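One structure is given below, encoded as structure tokens.
In what follows, chains are A, B, ... by sequence order, proteins preceding strands, each numbered from 1. Please read these numbers as outputs of a predicted model, since none were measured by experiment.
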Amino acid sequence: MNKYRSHNCNELRKDAVGKDVVLSGWVNKKRDHGNLLFIDLRDNYGITQCIIQKENSNFVELEKIQLETVIRIEGKVVNRSKDTINKEIQTGGIEVEIQNFKILGKCKELPLPVFSDQEYAEEIRLKYRFLDLRRKKIHENIILRSKVISFIRNEMSKLEFLEFQTPILTSSSPEGARDFLVPSRLNPGKFYALPQAPQQFKQLIMVSGFDKYFQIAPCFRDEDARADRSPGEFYQLDLEMSFVEQDDVFKVVEKLLVNTFKEFSNKKLLFNKFPKITFKEAMLKYGSDKPDLRNPLVINDITEIFSRDDVSFEIFKKLVKSGSNVRCIVTKKTKDKPRSFFDNIDKWAKEQGASGLAYFTIEKDKEVYAKGPVGKFFSEKSLNEIMKKTGSEVGDSIFLACGKKNELEKITSLARDKIANDLELIDKNTFAFCWIVDYPMFEKDEVTNKISFSHNPFSMPQGDIEKINFDKPLDILAYQYDIVCNGVELSSGAIRNHIPELMYKLFSIAGYSKGDIDEKFSGMINALSYGAPPHGGIAPGIDRIVMLLANEKNIREVTMFPMNQNAEDLMMNAPSEIKEEQLKELSLSLKIKK
RNA sequence: GGGGGUGUAGCUCAGUUGGUUAGAGCGAUCGCCUGUCACGCGAUAGGUCGAGGGUUCGAGUCCCUUCACUCCCGCCA
């Protein structure tokens with residue numbers, strides 16, 4: 001027998017009564033009755049109640065012991081009488097009568113309570129992460145994360161994907177996020193970059209003939225944090241396949257995600273076959289390329305209505321004439337909602353920086369009319385037309401926004417969430433996956449008018465390569481896709497461009513010369529000219545998958561040792577200053593920005 | 001880089017219109033308690049009210065500056 005334990009703290013049941021056992025664990029909780037002391041002993045697996053009477057010579061010392069001290073106890077398993085059974089814990093039918101004990105790890109006064117459901121400040125949680133991680137909820141989240149990852153590994157292996165590691169020290173790339181840089185001692189003045197994703201490597205793996213690759217890959221991006229975005233590093237299930245079309249990738253990922261979500265959550269999947277929504281349609285109907293499809297509300301464009309003579313909503317009409325659009329959200333059967341419901345949404349919209357949301361409700365007496373502050377501007381005929389266009393009926397309400405396309409997408413997307421939340425239209429007990437497809441290859445920067453890649457520059461453009469009209473780059477669509485679940489962007493992927501000439505052409509549109517490509521992507525562009533298979537892949541975010549499964553809103557709740565918003569590790573004190581001689585060795589000198 | 005929120009005991013928080021010695025629960029320490037499982041009871045200790053400045057007879061409270069944490073915008077191919 002191991003000297004620390006004969007059983008773990010979640011192992012003993014009624015059938016062990018009478019046995020002599022050795023348990024080790026943390027003192028989770030004490031209940032001191034003066035002549036009788038209960039100690040809840042906790043380890044990774046569970047809790048066992050231990051008990052000691054005053055007659056025992058160890059009583060005095062145990063009575064004084066700090067919570068979270070690690071102890072080893074020797075004792076006898078005893079039955080609990082019927083009225084003292086604790087159904088909350090799995091070992092609740094028995095308890096262990098302590099005969100002897102030993103302190104294995106002392107504990108100072110705690111800076112935060114471990115045994116408590118209380119929320120407390122992030123700063124202290126991160127500084128004492130090892131204590132925080134002992135707490136039930138987050139402990140279970142981290143275990144879930146581990147299980148999800150090994151489940152995914154297993155599924156991928158079953159599908160005959162091979163797992164490979166790719167370099168962590170690689171080269172800086174000109175596109176995308178800021179790189180984390182690592183100075184090279186042997187090459188003074190030169191830097192490695194940590195990979196933002198193993199993008200080029202996984203393509204090189206395909207060129208090397210391995211056919212199907214995956215990796216639980218660390219990715220590093222030096223960008224600002226959000227609740228669902230760790231600063232610094234995060235993990236992707238990176239995968240790539242040769243000789244595939246878009247649908248082949250979809251098939252693999254759909255199966256994997258459906259299996260994973262069914263395995264680890266009791267929530268319903270709204271779609272087993274994920275709907276495909278084009279980028280363009282998503283931006284119109286949901287105002288976003290990461291729509292929450294649990295939300296039944298859709299956005300409609302009704303700009304045309306405002307060029308009718310029988311509509312006298314002059315403010316909107318004037319804006320429409322100067323190029324604005326009008327989009328609306330219909331809420332079903334809301335005619336009896338109080339005035340405050342509508343006004344709150346209008347007020348909320350103003351707080352979001354929009355000029356507000358106009359609204360009216362469609363009513364009918366003898367004829368159809370619109371009720372509400374702007375109702376009087378609409379004729380019966382125009383209302384019929386609106387109802388036809390938006391699928392609305394008498395008793396429904398319509399919220400209207402007018403503006404330029406970008407502003408409209410932003411405010412209607414926010415309004416869609418806000419209104420659905422107010423009306424409690426979102427079923428929190430479901431997962432709604434979808435594919436967003438047909439992303440444009442390029443986009444135009446509104447300020448600089450410069451054309452740049454809208455997503456991944458290595459994506460394959462759609463259509464017959466011979467016939468692509470490069471003079472209209474903004475019309476070129478790519479085999480580029482995202483997976484979205486409940487409004488969370490889980491991953492993006494693409495069929496890659498494996499044809500060097502085509503890549504030079506596309507990069508030239510974004511302002512890169514052949515020389516730039518040869519220099520910046522030398523490994524890959526070179527490889528593509530030695531017989532590259534058509535290939536494609538995707539990279540679902542592991543952290544976000546676990547977030548959804550654990551029902552957490554913050555990525556730090558599913559990350560073992562996260563950094564804070566300023567990308568500092570408060571426990572390890574990273575980043576830290578370094579010695580002058582280290583700088584010297586790296587041929588670096590500091591010039592700190594003020 | 002910008003905007004919002006928060007900051008009071010080890011932890012979670014209350015603190016009225018600016019007014020006596022800044023409070024509670026948990027935790028800590030000490031004492032009592034033989035069936036608890038958030039055990040119970042009593043006592044004690046514990047405070048740079050984030051920091052600095054200002055207004056005032058008087059500031060935790062009002063004003064200015066600043067710092068920390070957090071949420072959001074920008075950013076994240």
Just how far, in rounded Å, is [atom2] of [N] from [atom1] of [X]?
X        : N     : atom1 : atom2 : value
A/Lys127 : B/G10 : NZ    : C1'   : 12 Å
A/Asp32  : B/C41 : CG    : P     : 14 Å
A/Asp40  : B/G35 : CG    : C1'   : 13 Å
A/Lys29  : B/U36 : NZ    : C1'   : 12 Å
A/Gln53  : B/G35 : CD    : P     : 10 Å
A/Leu131 : B/G10 : CG    : P     : 17 Å
A/Arg178 : B/G1  : CZ    : C1'   : 10 Å
A/Asp83  : B/U36 : CG    : C1'   : 11 Å

For [N] and [M], measure between their [atom1] atoms and round to the nearest Å.
N     : M     : atom1 : result
B/A24 : B/C49 : C1'   : 16 Å
B/C76 : B/C69 : C1'   : 22 Å
B/C64 : B/U55 : C1'   : 10 Å
B/G46 : B/C41 : P     : 24 Å
B/U6  : B/U12 : C1'   : 14 Å
B/C67 : B/G52 : P     : 15 Å
B/G74 : B/G40 : P     : 50 Å
B/G35 : B/A45 : P     : 31 Å

When you measure from the side chain of [X] to the backbone N and O of [Y], does any donor-acceptor pair fall under 3.5 Å?
X        : Y        : value
A/Asn566 : A/Glu568 : no
A/Gln480 : A/Gly493 : yes
A/Arg327 : A/Glu409 : no
A/Arg135 : A/Ser116 : yes
A/His535 : A/Met241 : no
A/Ser492 : A/Asp482 : no
A/Asn421 : A/Asp417 : yes

Cationic tip of A/Lys514 above A/Tyr504 ring, under 6.0 Å, 45° of axis: yes
N or O in side chain of [X] less than 4.0 angstrom from [N] OP1/OP2:
X        : N     : value
A/Arg226 : B/C73 : yes
A/Arg31  : B/U36 : no
A/Asn86  : B/U36 : no
A/Gln565 : B/C71 : yes
A/Asn35  : B/C32 : no
A/Arg556 : B/C71 : yes

Over all strands shown, is [X] touching base, sugar-phosphate only, or nothing at heavy-atom distances under 4.0 angstrom?
X        : answer
A/Ile124 : sugar-phosphate
A/Asn554 : sugar-phosphate
A/Asn566 : sugar-phosphate
A/Pro113 : sugar-phosphate
A/Glu88  : nothing
A/Ile47  : nothing
A/Glu55  : base
A/Asp222 : nothing
A/Phe453 : sugar-phosphate
A/Ser173 : nothing

Could you please name the partner base of [N], counting Watson-Crick and G-U wobble pairs only when both distances are under 3.5 Å?
N     : answer
B/G74 : none
B/G58 : none
B/A24 : B/U12
B/G40 : B/C32

Check ion pair A/Asp543-A/Arg145 (N to O, under 4.0 angstrom):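 Between A/Arg145 and A/Asp543 there is a salt bridge, with a charged N closer than 4.0 Å to a carboxylate O.
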Basic-acidic side-chain contact under 4.0 Å: A/Arg544, A/Asp228: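 So A/Arg544 pairs with A/Asp228 through a salt bridge.
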Which one, [options], comes nearest to the side chain of [X]?
X        : options             : result
A/Lys64  : B/C30, B/A68, B/G35 : B/C30
A/Asp224 : B/U34, B/C71, B/G74 : B/G74
A/Gln49  : B/U70, B/U36, B/C33 : B/U36
A/Glu223 : B/U36, B/C76, B/G35 : B/C76
A/Arg229 : B/U70, B/C76, B/U36 : B/C76
A/Glu109 : B/A28, B/G35, B/A68 : B/A28
A/Leu36  : B/U70, B/G35, B/G74 : B/G35
A/Glu123 : B/U70, B/A68, B/G35 : B/A68

Aromatic ring of A/His33 stacked on base six-ring of B/U36, 5.5 Å, 30°: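 Taking the rule of under 5.5 Å and under 30°, the ring of A/His33 does not stack on B/U36.
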Residue whose nearest RNA chain B nucleotide is more 5′ - A/Met563 or A/Thr84: A/Thr84
RNA chain B: 5'-proximal contact among A/Gly176 and A/Glu568 (nearest heavy atom): A/Glu568
Donor-acceptor pair under 3.5 Å, A/Arg125 side chain vs B/C11 base: no
